[in-house]
**Student:** 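Have a look at this one.
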Amino acid sequence: MRSSRRHALTLAAAAALSAGLAAPAFAQAKLKVAAIYTVPVEQQWVSRIDKALKAAQARGEIEYVFSEKVANADYERVMREYAEKGHTLIVGESFAVEAAARKVAKDYPKVAFLMGSSGKPQAPNFSVFDNYIQEPAYLSGLIAGSMTKSGKIGLVGGYPIPEVNRLMHAFMAGVRETRPGAEFMVTFINSWFDPPKAKEAAFAMIDKGADVMYAERFGVSDAAKERKVLAIGNVINTQAQYPETVVASALWNMEPTIDLAIKTVREGKFKAEDYGKYSMMKYKGSELSPLGTFEGKVPKATMDLVAKRQREILAGTFTVKVNDSQPKSGK
């Protein structure tokens with residue numbers, strides 16, 4: 001009996017190796033997963049990755065560890081350390097360290113890498129993802145356009161990179177549909193996590209008449225709350241913290257992306273591919289948050305339009321344009 005079982009395991013291990021899966025991964029009762037974040041884990045973008053990985057850990061599927069606030073100069077070293085320690089799936093964001101991250105992936109072909117990236121997948125083991133949540137960002141813009149009284153909307157972003165630009169453009173497109181002629185003020189703070197700087201940028205816009213703020217970064221909703229104007233959230237739902245300020249948010253759900261990566265690694269089928277589409281509404285990778293405390297305060301005609309557009313998006317009859325160029329202030 002034991003001999004037969006040992007023989008079966010040997011054959012299965014050989015099959016796993018032939019499929020490209022490392023033998024250590026096959027032997028693990030739980031998949032060893034590591035994540036590397038350049039910002040604090042509570043920062044909205046990486047918090048969604050962390051949430052999805054913790055859910056998989058709670059289900060007993062993975063062992064999960066992470067490093068946060070990793071400087072760009074240290075990123076390659078940390079990646080290598082995790083690969084050397086037997087972590088079979090490494091997740092992170094490689095936007096500022098593309099060359100280094102891809103070099104590490106080449107050196108560890110039996111380790112699966114799933115990285116936030118503006119670039120393409122790199123065979124055999126470097127997959128990419130992105131927060132393609134432009135669809136709910138557009139829907140939140142429909143709401144913002146109907147809630148502004150001044151017709152002036154402020155947008156504060158981190159860096160003018162495609163991942164931010166496309167969400168701002170989608171939001172602005174929604175605003176224009178319900179408030180033609182709206183005026184936009186756009187600024188970037190050149191940081192992923194500097195709430196005080198984002199707050200000051202928001203104050204400057206509010207002083208110029210903006211009465212709805214697009215809070216792409218932490219700190220913007222704080223300014224909106226203090227000045228008693230409205231805000232639209234991004235990536236996470238912060239209405240509980242700002243019940244009289246945040247009307248709605250475009251939510252990013254990383255579970256479809258993370259769960260698929262874990263599944264393919266366990267099955268020995270992980271390969272270099274673009275996971276970006278799994279952030280879209282069709283795959284439940286994004287959604288518009290409930291109105292919550294603003295239920296009944298947004299015009300019914302607007303919410304009817306939101307519901308109509310959402311149905312069309314899910315049916316594939318309405319497409320939110322992806323515009324990765326840097327948005328500018330103006331109409």
**Student:** Please identify each residue that fulfils side-chain contact (heavy atoms from CB on, under 4.5 Å) with Ser47, with sequence neighbours left out.
**Tutor:**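 Ser47: side-chain contact (heavy atoms from CB on, under 4.5 Å) contacts with Ile236.
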**Student:** Give a yes/no verdict on a cation-pi contact between Arg80 and Tyr108, requiring under 6.0 Å between NZ or CZ and the six-membered ring centre and an angle within 45° of the axis.
**Tutor:**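 Geometry flag: not set, cation outside 6.0 Å or 45°.
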**Student:** Identify the two heavy atoms, one from Ser67 and one from Val78, that lie closest to each other, and give their separation to 0.1 Å.
**Tutor:**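 Smallest heavy-atom distance, with atoms named: OG-CG1, 4.1 Å.
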**Student:** Does the side chain of Ser94 come within less than 4.5 Å of Arg102's, by heavy atoms?
**Tutor:**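 Counting from C-beta outward, Arg102 and Ser94 never come under 4.5 Å.
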**Student:** Without swapping roles, check the side chain of Asn323 against the backbone of Arg166 for a donor-acceptor pair under 3.5 Å.
**Tutor:**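 Not at all, since once roles are kept as given, no pair shorter than 3.5 Å links the two residues.
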**Student:** Nearest heavy-atom pair of Leu230 and Ala224: which atoms, and what distance?
**Tutor:**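 Heavy atoms only, the tightest pair is O-CB, 4.1 Å.
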**Student:** Any side-chain heavy atom of Phe188 sitting closer than 4.5 Å to one from Met168?
**Tutor:**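 They are in side-chain contact.
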**Student:** For the pair Glu135 (side chain) and Met281 (backbone), establish whether a donor and an acceptor sit closer than 3.5 Å, ignoring hydrogens and angles.
**Tutor:**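 Yes, Glu135 side chain to Met281 backbone: donor-acceptor pair under 3.5 Å.
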**Student:** Taking the side chain from Lys32 and the backbone from Gly86, do they hold a donor-acceptor pair closer than 3.5 Å?
**Tutor:**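 Here the side-chain-to-backbone pair does not exist.
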**Student:** Short question: side chain of Arg217, backbone of Asp194 - any donor-acceptor pair under 3.5 Å?
**Tutor:**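 Not a single qualifying donor-acceptor pair exists.
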**Student:** Anything under 30° is parallel, anything over 60° is perpendicular, the rest tilted; go ahead and classify His87 against Tyr82.
**Tutor:**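 Rings of His87 and Tyr82: perpendicular, as their planes differ by over 60°.
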**Student:** Evaluate whether atom NZ of Lys297 has more than 12 neighbouring non-hydrogen atoms of other residues, nucleotides or ligands under 6.0 angstrom away.
**Tutor:**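 Enclosed: over 12 neighbouring heavy atoms sit under 6.0 Å from NZ of Lys297.
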**Student:** Phe171 and Tyr214: aromatic ring centres closer than 6.0 Å?
**Tutor:**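 So the answer is yes for these two rings.
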**Student:** Hey, are the side chains of Phe129 and Asp274 touching, using non-hydrogen atoms and a 4.5 Å cut-off?
**Tutor:**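 No; the side chains remain at least 4.5 Å from each other.
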**Student:** Check whether Ile161 and Val235 end up in the same hydrophobic cluster, where Ile, Leu, Val, Met, Phe, Trp and Tyr are linked by side-chain heavy atoms less than 4.5 Å apart.
**Tutor:**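 Same cluster: Ile161 reaches Val235 through Ile, Leu, Val, Met, Phe, Trp or Tyr contacts under 4.5 Å.
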**Student:** Are the side chain of Glu216 and the backbone of Gly158 linked by a donor-acceptor contact shorter than 3.5 Å?
**Tutor:**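 Answer holds: yes.
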**Student:** Quick one: does any side-chain atom of His169 pair with a main-chain N or O of Ser325 as donor and acceptor, under 3.5 Å?
**Tutor:**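 Side chain of His169 to backbone of Ser325: a pair is present.
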**Student:** Determine whether Lys208 and Met185 make a side-chain contact, defined as any pair of heavy atoms from C-beta on separated by less than 4.5 Å.
**Tutor:**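 When only atoms from C-beta onward are counted, Met185 and Lys208 do touch, with a gap below 4.5 Å.
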**Student:** Just do the side-chain hydrogen bond (donor to acceptor under 3.5 Å, both in side chains) check on Glu177 and Tyr138 with the steps written out, would you?
**Tutor:** CA-CA 10 Å; Glu177 193 167 335; Tyr138 158 79; 2.6 Å; yes
**Student:** Would Arg227 and Phe203 count as a cation-pi pair here, with the cationic atom under 6.0 angstrom from the ring centre and within 45° of the axis?
**Tutor:**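 Ring-cation test returns yes.
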**Student:** Return yes if some donor-acceptor pair links the side-chain N/O of Ser191 with the main-chain N/O of Phe193 below 3.5 Å, else return no.
**Tutor:**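 The answer is yes, because a donor-acceptor pair under 3.5 Å joins these two groups.
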**Student:** Indicate, with yes or no, if Val175 and Val246 share a hydrophobic cluster defined by side-chain heavy-atom contacts under 4.5 Å among Ile, Leu, Val, Met, Phe, Trp and Tyr.
**Tutor:**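 Unlinked, Val246 and Val175 end up in two clusters.
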**Student:** Please find the pair of heavy atoms, one from Tyr37 and one from Ile49, that lie closest to each other, and give the distance.
**Tutor:**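 Smallest heavy-atom distance, with atoms named: OH-CG2, 3.7 Å.
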**Student:** Does one hydrophobic cluster hold both Ile62 and Val41, with members joined at side-chain heavy-atom distances below 4.5 Å?
**Tutor:**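 Result: yes, single cluster for both.
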**Student:** Would you say the side chain of Val306 lies within less than 4.5 Å of the side chain of Asp304, judging by non-hydrogen atoms?
**Tutor:**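 Asp304 does not reach Val306 side chain to side chain.
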**Student:** Just so I know, are the side chains of Gln239 and Thr293 near enough to count as touching, which here means a heavy-atom distance under 4.5 Å?
**Tutor:**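 They are in side-chain contact.
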**Student:** Go through it in stages, so that I can follow the logic: the residues are Glu226 and Lys199, the test is salt bridge (Lys or Arg N to Asp or Glu O under 4.0 Å), and I'd like the CA-CA distance, side-chain angles, deciding distance and then a yes or no.
**Tutor:** CA-CA 10 Å; Glu226 286 188 28; Lys199 188 176 181 181; 2.5 Å; yes
**Student:** List the atom of Thr148, the atom of Gly145, and the distance in Å for their closest heavy-atom pair.
**Tutor:**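 It is CG2-O, 3.4 Å.
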**Student:** Are Ser140 and Leu288 close enough, and set up right, to give a side-chain contact (heavy atoms from CB on, under 4.5 Å), and what steps lead you there?
**Tutor:** CA-CA 7 Å; Ser140 72; Leu288 181 69; 4.0 Å; yes
**Student:** Do Arg266 side-chain atoms and Lys30 backbone N/O form a donor-acceptor pair below 3.5 Å?
**Tutor:**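 No, Arg266 side chain to Lys30 backbone: no donor-acceptor pair under 3.5 Å.
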**Student:** Measure from the side-chain N and O atoms of Ser289 to the backbone N and O of Ala248, and report whether any donor-acceptor pair falls under 3.5 Å.
**Tutor:**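 Pair absent, no side-chain N/O of Ser289 close to backbone of Ala248.
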**Student:** Using side-chain contact (heavy atoms from CB on, under 4.5 Å), reason through Thr88 and Val33 one step at a time and then give a plain yes or no.
**Tutor:** CA-CA 6 Å; Thr88 310; Val33 181; over 6 Å; no
**Student:** Between Glu163 and Tyr132, do the side chains contain a donor N or O and an acceptor N or O under 3.5 Å apart?
**Tutor:**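 Side chains of Tyr132 and Glu163: no pair found under 3.5 Å.
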**Student:** Is a side-chain donor-acceptor pair under 3.5 Å present for Thr38 with Trp192?
**Tutor:**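 No, no side-chain donor-acceptor contact under 3.5 Å.
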**Student:** Start with the C-alpha distance between Thr187 and Leu155, add both sets of side-chain angles, then the distance that settles side-chain contact (heavy atoms from CB on, under 4.5 Å), and finish with yes or no.
**Tutor:** CA-CA 6 Å; Thr187 193; Leu155 299 90; over 6 Å; no
**Student:** Pick out which of Thr264, Ile258, Val128 makes a side-chain contact (heavy atoms from CB on, under 4.5 Å) with Leu114.
**Tutor:**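 Of the listed options, the one satisfying the test is Ile258.
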**Student:** Considering non-hydrogen atoms only, spot the tightest contact between Ala250 and Ile133 and give its length.
**Tutor:**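 Looking at all heavy atoms of both residues, the shortest contact is O-CD1, 3.9 Å.
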**Student:** If I compare all heavy atoms of Glu273 with all of Pro121, which pair ends up nearest, and what's the gap?
**Tutor:**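 Closest approach of Glu273 to Pro121, heavy atoms only: C-CG, 3.4 Å.
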**Student:** Do Tyr75 and Ile36 pass the side-chain contact (heavy atoms from CB on, under 4.5 Å) test, and can you show the C-alpha distance, the side-chain angles, and the key distance before you say yes or no?
**Tutor:** CA-CA 8 Å; Tyr75 208 92; Ile36 310 169; 3.4 Å; yes
**Student:** Could you give me the CA-CA distance, side-chain angles and deciding distance for Gln44 and Asn234, then say whether side-chain hydrogen bond (donor to acceptor under 3.5 Å, both in side chains) is met?
**Tutor:** CA-CA 8 Å; Gln44 61 263 55; Asn234 180 57; over 6 Å; no
**Student:** Flag yes if Ile153 and Leu139 sit in one hydrophobic cluster, no otherwise; membership is Ile, Leu, Val, Met, Phe, Trp, Tyr, and two members link when side-chain heavy atoms are under 4.5 Å apart.
**Tutor:**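 In one cluster with Ile153: Leu139, yes.
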**Student:** Under a plain distance cut-off of 3.5 Å, with no hydrogens placed, do Asp50 and Tyr64 share a side-chain donor-acceptor pair?
**Tutor:**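 Result is yes, a qualifying pair exists.
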**Student:** Between Trp45 and Phe95, is the ring centroid distance below 6.0 Å?
**Tutor:**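 Yes - the distance between ring centres of Trp45 and Phe95 falls below the 6.0 Å cut-off.
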**Student:** Looking at Lys225, I'd like to know if its NZ atom is crowded, meaning that more than 12 non-hydrogen atoms belonging to other residues, nucleotides or ligands lie closer than 6.0 Å.
**Tutor:**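 Atom NZ in Lys225 is not packed in, count stays at 12 or less.
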**Student:** Got a donor-acceptor contact below 3.5 angstrom from the Thr319 side chain to the Lys321 backbone?
**Tutor:**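 Checked: no pair found.
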**Student:** Surrounding CD of Glu81 (heavy atoms of other residues, nucleotides or ligands, distance under 6.0 Å), is the total greater than 12?
**Tutor:**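 Check passes, neighbour count above 12.
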**Student:** Report whether Val322 and Val186 are members of the same hydrophobic cluster (ILVMFWY, side-chain heavy atoms less than 4.5 Å apart, transitive linking).
**Tutor:**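 They do not share one cluster, since no chain of ILVMFWY contacts under 4.5 Å joins Val322 to Val186.
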**Student:** Within the structure provided, determine whether Met147 and Val229 are in side-chain contact (heavy-atom separation under 4.5 Å).
**Tutor:**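 Not in contact.
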**Student:** Is there a salt bridge (Lys or Arg N to Asp or Glu O under 4.0 Å) between Asp211 and Lys228? Walk through the geometry before answering.
**Tutor:** CA-CA 8 Å; Asp211 64 352; Lys228 300 187 185 309; over 6 Å; no
**Student:** Regarding Asn131 and Ser279, is there a side-chain donor-to-acceptor distance under 3.5 Å anywhere?
**Tutor:**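 There is no such pair between these side chains.
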**Student:** Which is it for Phe126 and Phe270 under the ring-ring contact (aromatic ring centres under 6.0 Å, His included) test, yes or no, and what are the steps along the way?
**Tutor:** CA-CA 9 Å; Phe126 190 94; Phe270 188 89; 9.7 Å; no
**Student:** Taking atom CG of Asn72 and atom CD of Glu76, what is their separation to the nearest 0.5 Å?
**Tutor:**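 So the gap between those two atoms works out to 12.0 Å.
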**Student:** With salt bridge (Lys or Arg N to Asp or Glu O under 4.0 Å) as the criterion, how do Arg309 and Glu312 come out once you've worked through the C-alpha distance, each side chain's angles and the decisive distance to 0.1 Å?
**Tutor:** CA-CA 5 Å; Arg309 288 285 185 257; Glu312 293 170 341; 2.8 Å; yes
**Student:** Between Glu255 and Lys51, is there a side-chain heavy-atom distance shorter than 4.5 Å?
**Tutor:**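 Yes - at least one pair of side-chain heavy atoms lies under 4.5 Å apart.
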